[in-house]
Student: 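Got a structure for you, questions after.
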There are 2 protein chains.
Amino acid sequence: MQATIKDIAKATGFSVATVSRVLSNKKGFFSEKTAAKVNQVAKELGYKKNMSATELVTKKSNVIAALINSTKTNFSDSIIKGIQDKADELGKTVIILYAGDRDARAQKKALTTALERSVAGILLLSVDLSPENLTLLKSARTPFYFISITFQDTALPCITSNDHGIGYLATSYLIRQGHRRIGLAGLDFSDSYTGKLRLAGYQAALAENQLSAHSEWVQAGDYSYEAGIAALDAYAQNSELPITAVIAGSDMVGIGILNRASALKIPVPQKLSIVTIDGTDLCRIVQPPLTSVTQDFYKMGYVGLERLLENAAGITYTQSELTERKSVLAVKK
Amino acid sequence: MQATIKDIAKATGFSVATVSRVLSNKKGFFSEKTAAKVNQVAKELGYKKNMSATELVTKKSNVIAALINSTKTNFSDSIIKGIQDKADELGKTVIILYAGDRDARAQKKALTTALERSVAGILLLSVDLSPENLTLLKSARTPFYFISITFQDTALPCITSNDHGIGYLATSYLIRQGHRRIGLAGLDFSDSYTGKLRLAGYQAALAENQLSAHSEWVQAGDYSYEAGIAALDAYAQNSELPITAVIAGSDMVGIGILNRASALKIPVPQKLSIVTIDGTDLCRIVQPPLTSVTQDFYKMGYVGLERLLENAAGITYTQSELTERKSVLAVKK
DNA sequence: GCTCTTTGGGTAAACGTTTACAATAGCTTT
DNA sequence: AAAGCTATTGTAAACGTTTACCCAAAGAGC
């Protein structure tokens, strides 16, 4: 028996209309005295607005759904923090929905949950929608915005890092430190567009310095810790490492490489320098702390929500920057 | 203009009642032919149920709200995974709400969001509600259940690890490994009951072995990385460490201790053994990997949801176990 | 004293579902 | 043939809000 505005109306002697007006603060439609009385009775009765009813009649809601990918939530935290902060400023409330991990069924469930509740908008944090789910999303009238994911289809509204720039930044930094044989590890070049762009950035930086990558320098992977392990094992097949530095596709890849290197007694950074892509807190807590191309995840969330609400189209980029820690050694020429 | 059941009714020639029955699959109230037709038209029109309307009339919902604490989400991930899996089995959907970090305002907002949407139940993942928010929660008729948090008030329904047991387990393990001077670091003994219980378990194990703790052995903190750093600095004030092993209040504390130790050239585990409490993936990725008392977070989520729905009262404990990695050295007597 | 605003508040419809209750048709029983 | 089922469908009320529209009283201006 939740108390309703009817109960308040009865108790105060006012009509439901008046009660509704003071409770939703429609200024200028009631007197102070009325408001005071209504509010007091509402409190006494433990009144709580029934959002279903409100949303049913107003046909709008101030909730934003954020769909997240169940894996790799280590940077989602920052994105969500950004979203949350912006939402607070705007008086929106955000609900987070798990969209599984490349699982079309789970994606669909999360998507319909959001759509059925007619949320004001949907944010998708690195969720790579299956084609039919993408169609579903597009056919709904709910605004949506992707965060931290890059598509071939540039028409999809999203905010993300410039992945070409990331590859370029990491590579040219290592070149400036004197490295010439530079690996690239743990990126996925097949279905993910992100991987291809970073690779292109890497190659561009190399080419600009009259270098070119040997094929064994680039080791594909799935951005995981295990991919890092596998990459280092591939590099370490011969007694001499073919590279002096490696760019890891993610922090976890970087840590995998680091740990495998230490298991194989390859000192980092003396024998192998590492630059990691992402720059989450994980970089700080390993030893040596990993130099990284740090993405501005917080900002992605913060301005992502902004963009969603202004119905922006196209791609927005956030700035990445190189954060020097202790995993890169400058080599003397 | 989302299509509604009215539109489908018009298009098919049936009444809204029939359409509703087909769409919500009230078996035995319609013929196959009818169902086929209705479903087809629904699909054509891109019909999506309006949950607000449904919830308004049925006064029930199958969504579970999970409130989480914005910090320390590193183990929340496992808990959420558990919740999610159970929810999938049960056909429930879960929405995650951020409840800030010991911020009564944010807590209240998350709480009212959940309450206003009349969710089927509320799960609170290590959120330490302020007194007034607790009252608010209790006064609502919505079932709730705490996960991974212990209260003095044993009437509060929750599932968590046995914190006394954790302290005892870690300590007695170290004693069995031959340690006699054992520290305890990074726990909060003031407002959090958890810290007190773990301390009691620690003391119990010590006492059982005719040992007792020197006051400088236990260093309070707030479960953070920085608390670990501070604890080690406290231990390392004299040239000789007062302890041979330390129990870290959380993985982050353990890593803080580890890194500070390595900065000070104190080899782990040769000069200092570390047992960490939590046992998340973080333990695996540092060097040496940290031996831990591993809590079963996944299970907390999984059975937490179960318990919530069966309206269980009182405390349920999940089992913790000691996971040996590489941060503890057995000392010869 | 009369009309015109302004202020405060009431009436009732609408939002999209679900479901109790009725109604019909076609059977089966007796 | 009357009565009773069963299967299928329809009618309409209900859920708790919001809000367009209406109304009355109180001043304001003449």
Side-chain angles (χ1 to χ4, degrees), chain A residues 1-39 41-42 45-63 112 115-120 140-142, chain B residues 1-39 41-42 45-63 112 115-120 140-142:
Chain A
M1 348 264 79
Q2 248 306 359
T4 72
I5 53 173
K6 267 185 203 158
D7 300 319
I8 300 179
K10 200 163 296 173
T12 57
F14 292 108
S15 72
V16 292
T18 299
V19 174
S20 167
R21 286 193 271 248
V22 354
L23 257 21
S24 46
N25 213 15
K26 292 268 171 294
K27 293 276 171 56
F29 282 92
F30 52 84
S31 69
E32 279 313 312
K33 279 221 310 279
T34 308
K37 194 159 167 193
V38 168
N39 283 321
V41 174
L45 265 43
Y47 172 76
K48 224 148 273 131
K49 184 186 287 218
N50 181 324
M51 274 300 177
S52 300
T54 304
E55 286 172 7
L56 180 57
V57 49
T58 62
K59 287 156 153 304
K60 64 175 79 149
S61 117
N62 67 339
V63 358
T112 32
L115 261 16
E116 287 178 347
R117 301 188 168 281
S118 51
V119 296
R141 278 136 302 272
T142 308
Chain B
M1 321 286 89
Q2 249 304 359
T4 72
I5 53 173
K6 267 184 204 160
D7 300 317
I8 300 179
K10 200 163 296 175
T12 57
F14 293 108
S15 70
V16 292
T18 300
V19 174
S20 167
R21 287 191 271 247
V22 171
L23 258 21
S24 46
N25 213 13
K26 293 268 171 295
K27 291 277 169 58
F29 282 93
F30 52 83
S31 69
E32 279 311 312
K33 278 220 309 279
T34 307
K37 195 160 167 191
V38 168
N39 283 321
V41 174
L45 265 43
Y47 172 75
K48 224 148 273 130
K49 185 185 286 218
N50 181 324
M51 275 301 179
S52 300
T54 304
E55 285 172 7
L56 179 57
V57 49
T58 62
K59 287 156 153 305
K60 63 175 80 145
S61 116
N62 67 337
V63 358
T112 31
L115 261 18
E116 288 178 347
R117 314 201 102 68
S118 50
V119 297
R141 276 137 302 272
T142 307

Student: Separation of B:I5 atom CD1 from C:dA14 atom P, in whole Å?
Tutor: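 The distance from CD1 of B:I5 to P of C:dA14 comes to 17 Å, rounded to the nearest Å.
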
Student: Among D:dT8, D:dT17, C:dT17, which nucleotide sits nearest the side chain of B:S31?
Tutor: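 Nearest nucleotide to the side chain: D:dT8.
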
Student: Output the rounded distance in Å from CG (A:D7) to C1' (D:dT17).
Tutor: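 Rounded to the whole Å, the gap is 13 Å.
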
Student: Test side chain to side chain contact (heavy atoms under 4.5 Å, CB included) on B:R117 and A:V63; report intermediate values, then the result.
Tutor: CA-CA 11 Å; B:R117 314 201 102 68; A:V63 358; 3.4 Å; yes

Student: Looking at the side chain of A:K6, which of D:dT9, C:dT19, D:dT17 is the nearest nucleotide?
Tutor: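 It is D:dT17.
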
Student: Nearest whole angstrom, please: distance from the P of C:dC15 to the CD of A:E116.
Tutor: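 My rounded result for the distance is 20 Å.
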
Student: Mark yes or no for whether A:S24, through its side chain, and A:K26, through its backbone, hold a donor-acceptor pair below 3.5 Å.
Tutor: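 Between the backbone of A:K26 and the side chain of A:S24 there is no qualifying donor-acceptor contact (under 3.5 Å).
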
Student: Counting only distance, no hydrogens or angles, is the base of D:dG10 paired donor-acceptor with the side chain of B:R21 under 3.5 Å?
Tutor: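 Present.
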
Student: Over all heavy atoms of both residues, which pair between B:V119 and B:S61 is shortest? Give the atoms and the distance, please.
Tutor: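 It is CA-OG, 3.7 Å.
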
Student: Taking the side chain of A:V16 as its heavy atoms from C-beta onward, which of C:dA12, D:dG16, D:dC15 lies nearest to it?
Tutor: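 Shortest atom-to-atom distance from the side chain points to C:dA12.
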
Student: Are OP1 or OP2 of C:dT18 and a side-chain N or O of B:K49 less than 4.0 angstrom apart?
Tutor: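 For B:K49, the contact criterion (side-chain N or O under 4.0 Å from OP1 or OP2 of C:dT18) is met.
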
Student: Heavy atoms from C-beta onward define the side chain here; which of D:dT8, C:dG9, D:dT17 lies closest to that of A:N50?
Tutor: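 The listed nucleotide nearest to A:N50's side chain is D:dT17.
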
Student: I want to check one thing: is the phosphate of C:dG16, taken as OP1 and OP2, less than 4.0 Å away from some side-chain N or O of B:T4?
Tutor: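 Negative; the distance criterion is not met.
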
Student: Compare all side-chain heavy atoms of B:F29 with those of B:T34 and state whether any distance is below 4.5 angstrom.
Tutor: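 Result no, sub-4.5 Å side-chain heavy-atom pair not found.
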
Student: For C:dT18, does OP1 or OP2 lie under 4.0 Å from any side-chain N or O of B:K26?
Tutor: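 Answer no for this pair, as no side-chain N or O of B:K26 is under 4.0 Å from OP1 or OP2.
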
Student: On DNA chain C, nearest-nucleotide positions of A:E32 versus A:A17: which is more 5'?
Tutor: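 By nearest-heavy-atom nucleotide position, the 5'-most residue is A:E32.
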
Student: What's B:S20 touching, base or sugar-phosphate or nothing? Going by heavy atoms closer than 4.0 Å.
Tutor: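 Answer is base: heavy atoms of B:S20 come under 4.0 Å of a base.
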
Student: Look at the side chain of A:T12 and the backbone N and O of A:I8, then say whether any donor-acceptor pair between them is shorter than 3.5 Å.
Tutor: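 It does hold such a pair.
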
Student: What's the closest nucleotide to the side chain of B:S24 if the choices are D:dT8, C:dT11, C:dT18?
Tutor: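 For B:S24, the side-chain atoms sit closest to C:dT18.
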
Student: Taking the side chain from A:D7 and the backbone from A:T4, do they hold a donor-acceptor pair closer than 3.5 Å?
Tutor: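 Answer holds: yes.
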
Student: Side chain of B:K59 only, heavy atoms from C-beta on: which candidate in D:dG16, C:dT18, D:dG10 is closest?
Tutor: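 My answer, after comparing the listed nucleotides, is D:dG16.
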
Student: Kindly point out which of C:dC15, D:dT18, C:dG10 is positioned nearest to the side chain of A:L56?
Tutor: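 Of all the options, the side chain of A:L56 is nearest to C:dC15.
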
Student: Grab the CZ-C1' distance between A:F30 and C:dT6 for me, whole Å please.
Tutor: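 In whole Å, C:dT6 C1' and A:F30 CZ are 17 Å from each other.
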
Student: Looking across every strand, which nucleic acid part, if any, lies under 4.0 Å from B:S52 by heavy atom: base, sugar-phosphate, or nothing?
Tutor: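 It contacts nothing in the nucleic acid.
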
Student: Checking contacts here: which listed nucleotide (D:dT17, C:dG16, D:dT9) is nearest the side-chain heavy atoms of B:T34?
Tutor: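 Nearest listed nucleotide: D:dT9.
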
Student: Can you tell me the distance, in whole Å, between the NZ atom of B:K33 and the P atom of D:dT9?
Tutor: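 Roughly 8 Å, once rounded to whole Å.
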
Student: Hey, which sits more toward the 5' end of DNA chain D by its nearest nucleotide, B:V19 or B:T58?
Tutor: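 Looking at DNA chain D, the more 5' nearest nucleotide goes with B:V19.
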
Student: So what does B:F29 touch, heavy atoms closer than 4.0 Å: a base, only the sugar-phosphate, or nothing?
Tutor: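 Base contact.
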
Student: Measuring to OP1 and OP2 of D:dT9, would you say a side-chain N or O of B:T18 lies under 4.0 angstrom away?
Tutor: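 So the side-chain polar atoms of B:T18 never come under 4.0 Å of the phosphate oxygens OP1 or OP2 of D:dT9.
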
